[in-house]
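Residue numbers count from 1 along this sequence.
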Amino acid sequence: MTEYGPVIGVTVARTEATWGVWNQAAAVLPIAYVTAIQKAGGSALLIPPDPALAEEPEAILERIDALILSGGHDIDPAVYGADAHPATKGTVPERDQTEIGLARRAVELDMPVLGICRGMQLLNVAFGGTLHQHLPELYGHEEHRRAPGSFVGSDHDVTLEAGSLAARAAGEEVHGTKSHHHQGVDTIGEGLTVSGHSSVDELVEAIESAECRFVLGVQWHPEADESSPLIAALVEQARDYRTVRGSA
């Protein structure tokens with residue numbers, strides 16, 4: 001019998017999607033996430049928005065060995081006590097609540113967690129942090145989302161703190177990234193520390209927890225970069241977590 005690698009739960013968006021002759025509400029995820037997980041020896045389990053999981057996140061967490069909070073639409077600013085900026089679009093409160101419940105409980109369980117783009121922002125908000133809702137208004141440029149809907153021309157460097165989890169996972173302290181976002185971290189959530197900044201404008205681009213085995217948020221998209229080692233680093237941590245949990 002084939003032995004599958006660690007199971008990586010990946011949150012997915014709820015949005016309108018088109019395939020064949022259909023155009024319907026759907027739960028969707030770019031295939032690059034799945035491909036990156038499989039390439040690293042893991043198996044992907046997709047987690048759609050589910051109000052029940054906001055209350056009972058262990059119903060799914062007990063089936064996985066690590067959690068990826070994926071990218072997607074803006075987070076509802078009501079979650080962090082703010083009014084919506086006109087540029088804040090596409091919010092899905094059910095997704096926010098599902099992922100906040102999952103993130104909090106996964107961290108309590110010391111499960112490996114990787115937040116990607118929106119997922120980094122969600123991780124920050126889950127622990128009491130806040131967001132800048134429209135970076136061009138703050139910085140006066142569009143460098144973090146140069147071509148909406150594309151990673152073309154999206155590359156920039158992020159400087160990572162020496163010895164940080166982010167630097168160890170990336171394998172270097174100056175890391176080339178692919179970026180696509182118009183929001184970013186403002187106030188840092190409780191228990192999280194900043195471990196990376198954009199070379200463009202010093203925007204916070206990596207956050208992590210020093211109290212956990214692997215809790216990392218990155219503002220860029222490692223799944224879109226075949227040379228990035230970040231998802232492989234998560235899968236390796238998931239393999240260790242599965243072993244430890246299995247022996248408990």
Side-chain angles (χ1 to χ4, degrees), residues 10-20 22-36 46 48-49 68-80 82-96 98-99 114-125 129-159 175-186 196-207 217-228 230-231:
V10 190
T11 60
V12 306
R14 193 192 74 185
T15 188
E16 293 293 316
T18 300
W19 66 98
W22 302 100
N23 187 302
Q24 296 185 7
V28 301
L29 180 78
I31 196 64
Y33 287 93
V34 176
T35 301
L46 276 58
I68 290 179
L69 302 165
S70 68
H73 291 128
D74 296 335
I75 296 166
D76 183 356
V79 175
Y80 50 94
D83 294 329
H85 186 282
T88 296
K89 304 290 185 181
T91 59
V92 180
E94 295 89 341
R95 180 181 182 187
D96 300 336
T98 298
E99 296 185 6
L114 175 62
I116 294 175
C117 195
R118 168 204 150 91
M120 168 176 151
Q121 298 166 12
L122 188 286
L123 184 64
N124 189 59
V125 167
T130 63
L131 304 178
H132 294 296
Q133 290 189 51
H134 195 52
L135 297 176
E137 188 173 84
L138 183 68
Y139 289 113
H141 64 73
E142 300 272 0
E143 292 299 298
H144 293 287
R145 188 175 64 177
R146 295 172 187 165
S150 170
F151 291 111
V152 174
S154 66
D155 301 73
H156 71 266
D157 288 344
V158 171
T159 302
H175 185 57
T177 69
K178 293 185 180 296
S179 179
H180 190 282
H181 61 101
H182 79 106
Q183 299 194 339
V185 165
D186 184 8
H197 293 86
S198 168
S199 63
V200 175
D201 50 23
E202 292 297 307
L203 177 71
V204 172
E205 295 229 10
I207 58 175
V218 298
Q219 190 57 75
W220 63 92
H221 283 267
E223 85 286 353
D225 181 358
E226 292 185 359
S227 67
S228 173
L230 264 72
I231 289 177

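- Taking Arg145 as the reference, nothing meets the salt bridge (Lys or Arg N to Asp or Glu O under 4.0 Å) condition, with sequence neighbours excluded.
- Distance alone, capped at 3.5 Å, is enough to place a donor-acceptor pair between the His85 side chain and the Ala87 backbone.
- Residues Gln219 and Gly184 share a closest heavy-atom pair of OE1-CA, 4.1 Å.
- Classified by interplanar angle (parallel below 30°, tilted 30° to 60°, perpendicular above 60°), the ring pair Phe151/His180 is perpendicular.
- The distance from atom CD1 of Ile231 to atom CG of Leu114, rounded to the nearest 0.5 Å, is 6.5 Å.
- A distance of 7.5 Å separates CG in Leu135 from CG in Asp201, rounded to the nearest 0.5 Å.
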**Report entry** Trace of the salt bridge (Lys or Arg N to Asp or Glu O under 4.0 Å) decision for Arg118 with Asp96
**Finding:** CA-CA 10 Å; Arg118 168 204 150 91; Asp96 300 336; 3.0 Å; yes
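- Heavy atoms only, all atoms of each residue included: Asp76 and Pro93 are closest at OD2-CG, 3.7 Å.
- Side-chain contact check for Val218 versus Leu230: some heavy-atom pair is nearer than 4.5 Å.
- Of the residues Asp155, Asp157, Asp225, the one that meets the salt bridge (charged side-chain N to carboxylate O under 4.0 Å, His left out) test with Lys178 is Asp155.
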Report task. Report the C-alpha distance between His156 and Ser179 in whole Å, list the side-chain angles of each, state the deciding distance to 0.1 Å, and finish with yes or no for side chain to side chain contact (heavy atoms under 4.5 Å, CB included). Result -> CA-CA 8 Å; His156 71 266; Ser179 179; 3.4 Å; yes
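- Note: Asp186 CG to Leu138 CG = 8.0 Å, rounded to the nearest 0.5 Å.
- With values rounded to the nearest 0.5 angstrom, Glu205 atom CD is found 9.5 Å from His197 atom NE2.
- Looking at heavy atoms from C-beta onward, Arg146 lies out of side-chain contact with Ser154 at the 4.5 angstrom threshold.
- When all heavy atoms of Thr11 and Leu29 are compared, the closest pair comes out as O-CD1, 3.7 Å.
- At least one side-chain heavy atom of Glu223 sits less than 4.5 Å from a side-chain heavy atom of Ile116.
- Other residues, nucleotides and ligands contribute at most 12 non-hydrogen atoms within 6.0 Å of the CG atom of Asp83.
- If you run side-chain hydrogen bond (donor to acceptor under 3.5 Å, both in side chains) between Asp74 and each of Gln133, His182, His181, only His182 comes through.
- Two residues are said to be in side-chain contact when any heavy atoms from C-beta on lie closer than 4.5 Å; Leu46 and Val34 meet this criterion.
- The aromatic rings of His141 and Tyr139 sit parallel, their planes meeting at an angle under 30°, below the 60° perpendicular limit.
- For His132, there are no ring pair (Phe, Tyr, Trp, His ring centres under 6.0 Å) partners, not counting sequence neighbours.
- Looking at Thr88 and Gln183, their side chains do bring a donor and an acceptor atom within 3.5 Å of each other.
- The heavy-atom pair separating Leu131 from Val185 by the smallest distance is CD2-CA, 4.0 Å.
- The closest side-chain heavy-atom distance from Val28 to Arg14 is not below 4.5 Å.
- In this structure the side chain of Ser198 reaches within 4.5 angstrom of the side chain of His144, judged on heavy atoms.
- Taking CD1 of Ile75 as the reference point, atom OG1 of Thr91 lies at 10.5 Å (rounded to 0.5 Å).
- If you look at Trp220 and His175, their ring centroids are closer than 6.0 Å.
- More than 12 heavy atoms of other shown residues, nucleotides or ligands fall within 6.0 angstrom of atom CH2 in Trp19.
- Note: Leu122 CG to Cys117 SG = 11.5 Å, rounded to the nearest 0.5 Å.
- Around CD of Glu226, the count of heavy atoms belonging to other residues, nucleotides or ligands within 6.0 Å does not exceed 12.
- The minimum heavy-atom distance linking Gly129 with Tyr80 is given by the pair O-CB, 3.6 Å.
- Among all heavy-atom pairs drawn from Ala206 and Met120, the shortest one is N-CE, 4.0 Å.
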